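A short worksheet on the structure shown next.
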Protein chains: 2
Amino acid sequence: MANKVKFDRDEVIDKATLLFWQQGFGGTSMRDLQQHLDMRPGSIYASFGSKDNLFKEVIKCYGEQCLQALDRFQLDASGPLVGLKNFIHHVTLGEEEPAQCRLCLLAKTLSELPAEQQELIAAAQQALLLVEGKFEQILLRARELQELSSGADCQRLAKWLQMQLMGLRAYAKSQAGKAELEMMIDDIFTSLKSR
Amino acid sequence: MANKVKFDRDEVIDKATLLFWQQGFGGTSMRDLQQHLDMRPGSIYASFGSKDNLFKEVIKCYGEQCLQALDRFQLDASGPLVGLKNFIHHVTLGEEEPAQCRLCLLAKTLSELPAEQQELIAAAQQALLLVEGKFEQILLRARELQELSSGADCQRLAKWLQMQLMGLRAYAKSQAGKAELEMMIDDIFTSLKSR
DNA sequence: GTTGATATTGAACGATCGTTCAAGTTATAT
DNA sequence: ATATAACTTGAACGATCGTTCAATATCAAC
């Protein structure tokens, strides 16, 4: 059934995502990609056009997968805030991914790219906005279910949460203490509820 | 008085810091440095040994300058927490530095470097630890002056503050809204005091 | 089986990377 | 003035960068 000639685009993008995530955009060479994707340069360029374009697709897929993961954690949890907390646990302390991937790829991208790479920066910012929007949706649902006070400004809380998550994941790279991260996650939700 | 032959080491390191800060370690080539430092490769290598070593000195100086800035803001402020807040205002919203420098160079370095660059990573982590220690000192003084509750765990609060600052500066790169950042800084100090 | 379209291959391009070093320049001491 | 030490210069090295393209392999259609 599987087409042996034309590669599986999704699988290739997943592998590229992992590489870029671990090594950054600038730190990942086309030769790295050739090796890990098991593709020759001509094939990569025929399919994606350029390293920039491949990365743009990676960013887009990564953002979509974040949204999907948020939805998945919502379905599996007893309430919106619990689902949110499980998601945060997963991205900061989850162990299936390599250690280099504790940082959000989108934040890492914004941190790394110079101002000239306008298109890639915009792609990462756009993906982050979508995640923030999903946060807001979830928080709105939490407010409806009275997990948050009825006066909570969910848009503001979503921004706050996004900022917290960026800080948490950056801090995880500087001080790996698992127990401290757990405490901080608890603190984040405590401060979230008291607004 | 000034020696015309031997360059001013501090000035050179400051210029290198700015370059690395704006472009990252990997994104800054020796030729970039040669141009901005107005030094030829031989001179740079005679003085610093390698790009890695130059960067290690940059990291060290940057960390020390952070500590000095924290002290300076303490002296200029009416109280410890006000000085801390002014410092945070300065690093997230200060306009003398280029926009690319909103991120902490140390956090940016940890985000960018691959695991193989063990020495540089350790240098950045060490500098971050010193900053966190200074935070703790300041918070302890705030507790003595009853700006914090007598039961406040200042070591934990220092970690919390470090994490907040990383998040704030990362978020500043994704959503530049100045008013939102102001609000978030207020929120950080509100949550700080209520512990 | 032959044909035409489509996809893959890998050698090669010019540019740029971090780094080296022999030659040249400048300051100091006699 | 001259010798010595200290420092700077810039061409050049091999490696690697992102990318191209003519040659080759594989597919579907007749």
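The shown structure was predicted, so the numbers you read here are calculated from the model rather than taken from an experiment. Below, chains carry the letters A, B, ... as their sequence lines are ordered, and counting in each starts from 1.
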Grab the [atom1]-[atom2] distance between [X] and [N] for me, whole Å please.
| X | N | atom1 | atom2 | value |
| --- | --- | --- | --- | --- |
| B/Asn53 | C/dG18 | CG | P | 15 Å |
| B/Met39 | D/dG10 | CE | C1' | 14 Å |
| B/Arg40 | C/dA22 | CZ | C1' | 18 Å |
| B/Asp32 | C/dC17 | CG | C1' | 11 Å |
| B/Phe55 | C/dC17 | CZ | P | 17 Å |
| A/Leu120 | D/dG18 | CG | P | 13 Å |
| A/Leu19 | D/dG18 | CG | P | 12 Å |
| B/Ile44 | D/dG10 | CD1 | C1' | 12 Å |

- Query: Do NZ/NE/NH1/NH2 and the carboxylate oxygens of A/Arg156 and A/Glu136 come within less than 4.0 Å?
  - Reply: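 No, A/Arg156 and A/Glu136 are not salt-bridged.
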- Message: Looking at B/Lys15 and B/Glu11, is any side-chain nitrogen of the basic one under 4.0 Å from a carboxylate oxygen of the acidic one?
- Response: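 Yes, charged N to carboxylate O under 4.0 Å.
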- Message: Is any side-chain heavy atom of B/Gln117 closer than 4.5 Å to one of B/Leu120?
- Response: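 Heavy-atom side-chain distance check passes, below 4.5 Å.
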- Query: A/Val58 and A/Trp21: side-chain contact (heavy atoms from CB on, under 4.5 Å), yes or no, with the steps?
  - Reply: CA-CA 10 Å; A/Val58 161; A/Trp21 203 353; over 6 Å; no
Sub-3.5 Å pairs of nitrogen or oxygen atoms, protein against nucleotides 19-25 of chain D:
from	atom 1	to	atom 2	distance (Å)
D/dT19	OP2	A/Tyr45	OH	2.6
D/dT19	OP2	A/Lys51	N	3.0
D/dT19	O5'	A/Tyr45	OH	3.0

- B/Ser29 side chain N/O closer than 4.0 Å to the phosphate oxygens (OP1, OP2) of C/dC17?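 For B/Ser29, the contact criterion (side-chain N or O under 4.0 Å from OP1 or OP2 of C/dC17) is met.
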- Item | salt bridge (Lys or Arg N to Asp or Glu O under 4.0 Å) partners of B/Glu144, counting only residues at least two apart |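 With sequence neighbours excluded, B/Glu144 shows a salt bridge (Lys or Arg N to Asp or Glu O under 4.0 Å) to no residue whatsoever.
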- Query: Mind checking whether A/Phe73 and A/Ile185 sit in one hydrophobic cluster, side chains of I, L, V, M, F, W, Y counted as touching below 4.5 Å?
  - Reply: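 Yes, it is one cluster - the side chains of A/Phe73 and A/Ile185 are joined through contacts under 4.5 Å.
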